[in-house]
Amino acid sequence: MDTLVEADVFPATQQYTYLNAASVAPMSKMAARATLDWQEDLALRGTVHFDEEAESRVFDSLREVGAGLLGAFPDEIAGASNASESLCSVAWALSPGPGNNVVSSRIEFPSVVYPWLRVARSTGCQVRLTKDQNHVIDFDELVSLVDDQTSAVCLSHVQYSTGQRLDLKALSDVAHRHGALLVVDATQSAGAVPIDVVADDIDILVTSGYKWLCGPFGAALMFVRRALHDSIEPGLVGWRSTSQVFDFQADHLEWAPNASRFEFGTLAYGCAIGLVTAAQHLLEVGIENIYRYNLGLAARLVEGLSTVGAEFVTPAADDLQSSIVTARFPGQDQARVARRLNEEGVVVSPRIGAVRFAPHLYNTAQDIDQALEKLEGILAES
Ligand SMILES: Cc1ncc(COP(=O)(O)O)c(C=O)c1O
């Protein structure tokens, strides 16, 4: 199996067997440099270099790279600080009323559900969550909860705990049949799984930047389809929500005419520049190439884990849907296994009483073999 990137592009991988992109991915040296250079320039020169035009250019570059990643138009992209904030703004924007409901899942990442629970406390809408046995979202159960009173179906593209990938087109078909919007959290897929918001008919999508996009904390992306631009009123609002951000007219609120109405204040601009650099690099490598490469790594991992008797929490581990592989080791303290792997330089996360492995483009077949070798030793310890 050929490697996708040169070994020195992601310096962390020269020190660690890093299998933790579902938590935080390491940055490329280019992305880290871009972030640090901006901080240094601001510290030494303030607005002499980073003037108002430069500030606007950061948002423009987020729009360009976001459009490239998602198959969207640049005016459908907003820059954000993190995915949770964007989901809050969307939930308040839609504010489903007393007779309405929102459909999601009990096993979702909390930020996908909490904003709706909060809105429900104010508006009296219903939040319907699938029960999902064994950490698997059951599509039929999901469909059974959607009706003509559903305002939004809100789910992650790829599940943080298991790597289960949902069929976005099937979801948007169900939502749209009932007049609901499909709101997608792509934090566990953007940068690693191809996404086409047009083909999948997605209404709103949010993603963090510090996981599979390999950017820093503090910058994120959001997509809002053009058809919503005239009507949707963001829940979070500030000086950057308007079309003339430097007019500072506080006596009336005129929304920006496109997705940028969801931008409401300053960003951690160095982080935004780092995210743009990181995402451009991934686009150069090719998301489809990354996706196929990562599936190869995950398949090698699944094969090796099977030979040491692992039980998979990841649904259909032999028919992988993303490169997240979550497994339990019978008779073992799972938290201990995860901790010992970390101590041995194999970086993974303990999740839902199991160990979550998440290889990405910077990993190699040797990394997987190395992780499996360490694992075998750790399992023999107890
Ligand atoms: C699906 C999903 N959404 C959102 C987040 C958190 O995003 P942020 O920190 O940008 O709010 C995570 C983090 O694990 C996640 O897995």
Side-chain angles (χ1 to χ4, degrees), residues 19-27 35 62 66 69-70 77-92 102 104-118 129-130 132 135-137 142 152-166 168 171 182-193 195 202 204-223 235-236 262-265 267-268 271-272 274-276 278-279 313-314 321-326 338 347-352 354-358 360:
L19 303 176
N20 210 19
S23 179
V24 179
M27 271 188 272
T35 304
L62 282 169
L69 272 170
L70 302 172
I77 305 293
S81 299
N82 60 62
S84 303
E85 153 195 295
S86 299
L87 287 164
C88 285
S89 191
V90 171
W92 287 109
V102 174
S104 189
S105 160
R106 191 172 63 93
I107 60 167
E108 263 296 352
F109 189 76
S111 295
V112 175
V113 179
Y114 286 175
W116 304 105
L117 293 178
R118 172 64 187 91
L129 303 178
T130 52
D132 302 320
H135 293 281
V136 181
I137 294 184
L142 197 74
V153 175
C154 185
L155 289 157
S156 296
H157 184 195
V158 167
Q159 289 298 308
Y160 80 99
S161 57
T162 63
Q164 181 187 8
R165 192 181 81 221
L166 300 182
L168 295 179
L171 282 177
L182 176 63
V183 180
V184 176
D185 183 338
T187 296
Q188 294 290 358
S189 60
V193 179
I195 299 174
I202 296 167
I204 295 173
L205 180 147
V206 307
T207 176
S208 275
Y210 59 86
K211 297 184 192 281
W212 303 89
L213 285 169
C214 302
F217 283 110
L221 293 165
M222 182 180 182
F223 158 84
L236 302 181
F262 277 88
E263 293 158 359
F264 56 91
L267 288 183
C271 300
L275 174 57
V276 170
V313 188
T314 294
Q321 300 164 325
S322 77
S323 64
I324 296 176
V325 178
T326 308
V347 186
V348 297
S349 285
R351 287 287 181 279
I352 56 168
V355 182
R356 184 183 66 185
F357 302 82
H360 201 7

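Atoms within a ligand are numbered from 1 in the order they appear, just like the ligands themselves.
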**Prompt:** Which of the numbered atoms in ligand 1 are below 4.0 angstrom from a heavy atom of S156?
**Reply:** 1 (C)
**Fill in**
protein heavy-atom neighbour closest to atom 14 (O) of ligand 1 works out as K211 NZ, 2.7 Å
**Complete:** Between the CG atom in L62 and the CG atom in L221, the distance rounded to the nearest 0.5 Å is 5.5 Å
**Item:** Residue and atom name of the nearest protein heavy atom (relative to atom 11 (O) of ligand 1), distance in Å to one decimal
**Value:** S84 OG, 2.5 Å
**Request:** Write out the residue and atom name of the closest protein heavy atom to atom 7 (O) of ligand 1, then the distance separating them to 0.1 Å.
**Result:** S208 OG, 3.0 Å
**Message:** Given 3.5 Å as the limit, does a donor-acceptor pair link the side chain of S86 with the main chain of M222, or not?
**Reply:** no
**Fill in**
Quick note on ligand 1: atoms under 4.0 Å from a heavy atom of Y160 include exactly 16 (O)
**Asked** What protein heavy atom sits nearest atom 16 (O) of ligand 1, and how far off is it?
**Response** Q188 NE2, 3.0 Å
**Asked** Can you tell me if N20 and S349 form a side-chain donor-acceptor pair at under 3.5 Å?
**Response** yes
**Request:** Check ligand 1 against N82 and write out every atom of the ligand that is under 4.0 Å from a heavy-atom position of the residue.
**Result:** 8 (P), 10 (O), 11 (O)
**Asked** Taking all atoms of both residues into account, what is the closest heavy-atom pair of I324 and A22, and its distance?
**Response** CD1-CB, 3.9 Å
**Prompt:** Got the closest protein heavy atom to atom 2 (C) of ligand 1, with its distance?
**Reply:** D185 OD2, 3.5 Å
**Item:** Backbone or side-chain N or O of A83 under 3.5 Å from ligand 1 N or O
**Value:** yes
**Request:** Tell me which protein heavy atom sits closest to atom 5 (C) of ligand 1, plus the residue, atom name and distance to 0.1 Å.
**Result:** F109 CE2, 3.2 Å
**Asked** Is the closest side-chain heavy-atom distance between C154 and W116 below 4.5 Å?
**Response** yes
**Request:** Give a yes or no answer on whether the side chain of E263 reaches the backbone of G79 with a donor-acceptor pair at less than 3.5 Å.
**Result:** yes
**Message:** When you compare the side chain of S156 with that of V184, does any pair of heavy atoms fall below 4.5 Å?
**Reply:** no
**Message:** I need the F223 CZ to T207 OG1 distance, nearest 0.5 Å.
**Reply:** 13.5 Å
**Message:** Could you check whether any heavy atom of Y210 sits closer than 4.0 Å to an atom of ligand 1, since that is the contact criterion I want to use?
**Reply:** yes
**Request:** Would you please determine whether S111 falls within less than 4.0 Å of ligand 1 on a heavy-atom basis?
**Result:** no
